[in-house]
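Worksheet for the structure shown next.
Note that ligands are numbered from 1 as they come in the structure, with each ligand's atoms numbered from 1 the same way.
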Amino acid sequence: MERYLVTPGTRVELNRIDPSDTSGFDGVKNDGRKELERLTGRLTKLQELLYAEHKHSVLIVLQGTDSAGKDGTIRRVFEGVNPQGVRVASFKPPSVEELDHDFLWRVHAHVPARGEMVLFNRSHYEDVLVTRVHGLIKRPVWERRYREINDFERMLTEEGTTILKFFLHISRGEQKRRLKERLDDPSKHWKFREADLFDRGRWTAYREAYEEAISKTTTKWAPWHIVPSDRKWFRDLVVSDRIVTALEHLRMRYPPLPRHLRTLRVR
Ligand code: AMP
Ligand code: MG
């Protein structure tokens, strides 16, 4: 699964990455679902350890076009984890108050505390993506923001946060199918927004914005993964695998009883 990591210095070309690729896993959908179950079990244990140890924090950033599967990933990958230690922050268009501050202000307020895991459903990356594509900012601004994002994320990691960033990569055809379903299926109408069609019309501009943003902000302290996401089972598997692997690298331990309490007995 490490093949989906974008190493620092890479110039990303999304056209060269197949959104329906499943080569990172040796098996078909059914095997994938079983493997996900195993990983979800691991994640549940690791998250409890994270909470108990109260030392590290974990920030997971999910980005992708409309219908790429950010909500679905959150639902499937974090099934079973204790809600006490996990939080989701979803970023919508900024309020007037938020717009009166620097773009990282509202984001910083949501970063994970020690022992906590936070999932960003969209993030500060919107401020170099949608704002760029909609013509709200000019090149010097988004270029400056890449640097500011890298500095911000570096500061967070130096303070004990593990950051993992995922771009959910779907094809134009798959997006068409999913958006159509939102119009056709009454149980999915609520997900449909007219703006999704406007953004779909700017597919190429978004592609360029994503390619540049990912290339400029994949760092050794906060790397991006490009996740082939046309197949949902595979998408879930990659995200889950990368998170579990990163948490295992933290070598966490349950805190021992302080020495002066070790002689205590319950009567
Ligand atoms: P959804 O994720 O479907 O709920 O949509 C949220 C919408 O908010 C998307 O259209 C995003 O592009 C938009 N959004 C999120 N963050 C920002 C931002 N910083 N500036 C402008 N639009 C944003
Ligand atoms: Mg949406």
Considering only heavy atoms from C-beta outward, does the side chain of Tyr210 approach that of Leu129 to under 4.5 Å?
-> yes
Contact partition for Arg106 relative to ligand 1, non-hydrogen atoms under 4.0 Å | side chain
Any N or O of Asp66 closer than 3.5 Å to N or O of ligand 1 = no
Identity and distance of the protein heavy atom lying nearest atom 15 (C) of ligand 1 | Phe91 O, 3.2 Å
Which heavy atom of the protein is the closest neighbour of atom 4 (O) of ligand 1, given with residue, atom name and distance?
-> Lys92 NZ, 2.3 Å
Please indicate whether any nitrogen or oxygen in Asp127 is less than 3.5 Å from any nitrogen or oxygen in ligand 1.
-> yes
Do the side chains of Asp31 and Glu35 get nearer than 4.5 Å, heavy atoms only?
-> no
Atom 22 (N) of ligand 1 - nearest protein heavy atom and its distance = Val130 CG1, 3.5 Å
What one should report as the nearest heavy-atom pair of His169 and Asp18 is CD2-C, 4.4 Å
Pairing of Glu174 and Arg177 as salt bridge, 4.0 angstrom limit | yes
Check whether any N or O atom of Glu126, backbone or side chain, sits under 3.5 Å from an N or O atom of ligand 1, and answer yes or no.
-> yes
In terms of its nearest heavy atom to atom 20 (N) of ligand 1, the top option of Ala195, Pro94, Pro93 is Pro94
Should Arg122 be counted as touching ligand 1, given the test is an N or O pair under 3.5 Å?
-> yes
Asp26 atom CG: more than 12 heavy-atom contacts under 6.0 Å = no
Evaluate the ring planes of Tyr4 and Phe234, with Trp represented by its six-membered ring, and classify them as parallel (under 30°), tilted (30 to 60°) or perpendicular (over 60°).
-> perpendicular
Heavy atom of the protein closest to atom 10 (O) of ligand 1 (residue, atom name, distance) | Arg193 NH2, 3.1 Å
Under 4.0 Å, heavy atoms only, figure out whether ligand 1 is touched by the backbone of Lys70, its side chain, both or neither.
-> neither
Can you check whether Gln175's main-chain N or O pairs, donor with acceptor, with Asp230's side chain at less than 3.5 Å?
-> no
Ile243, Val6: one ILVMFWY side-chain cluster at the under-4.5 Å cut-off?
-> no
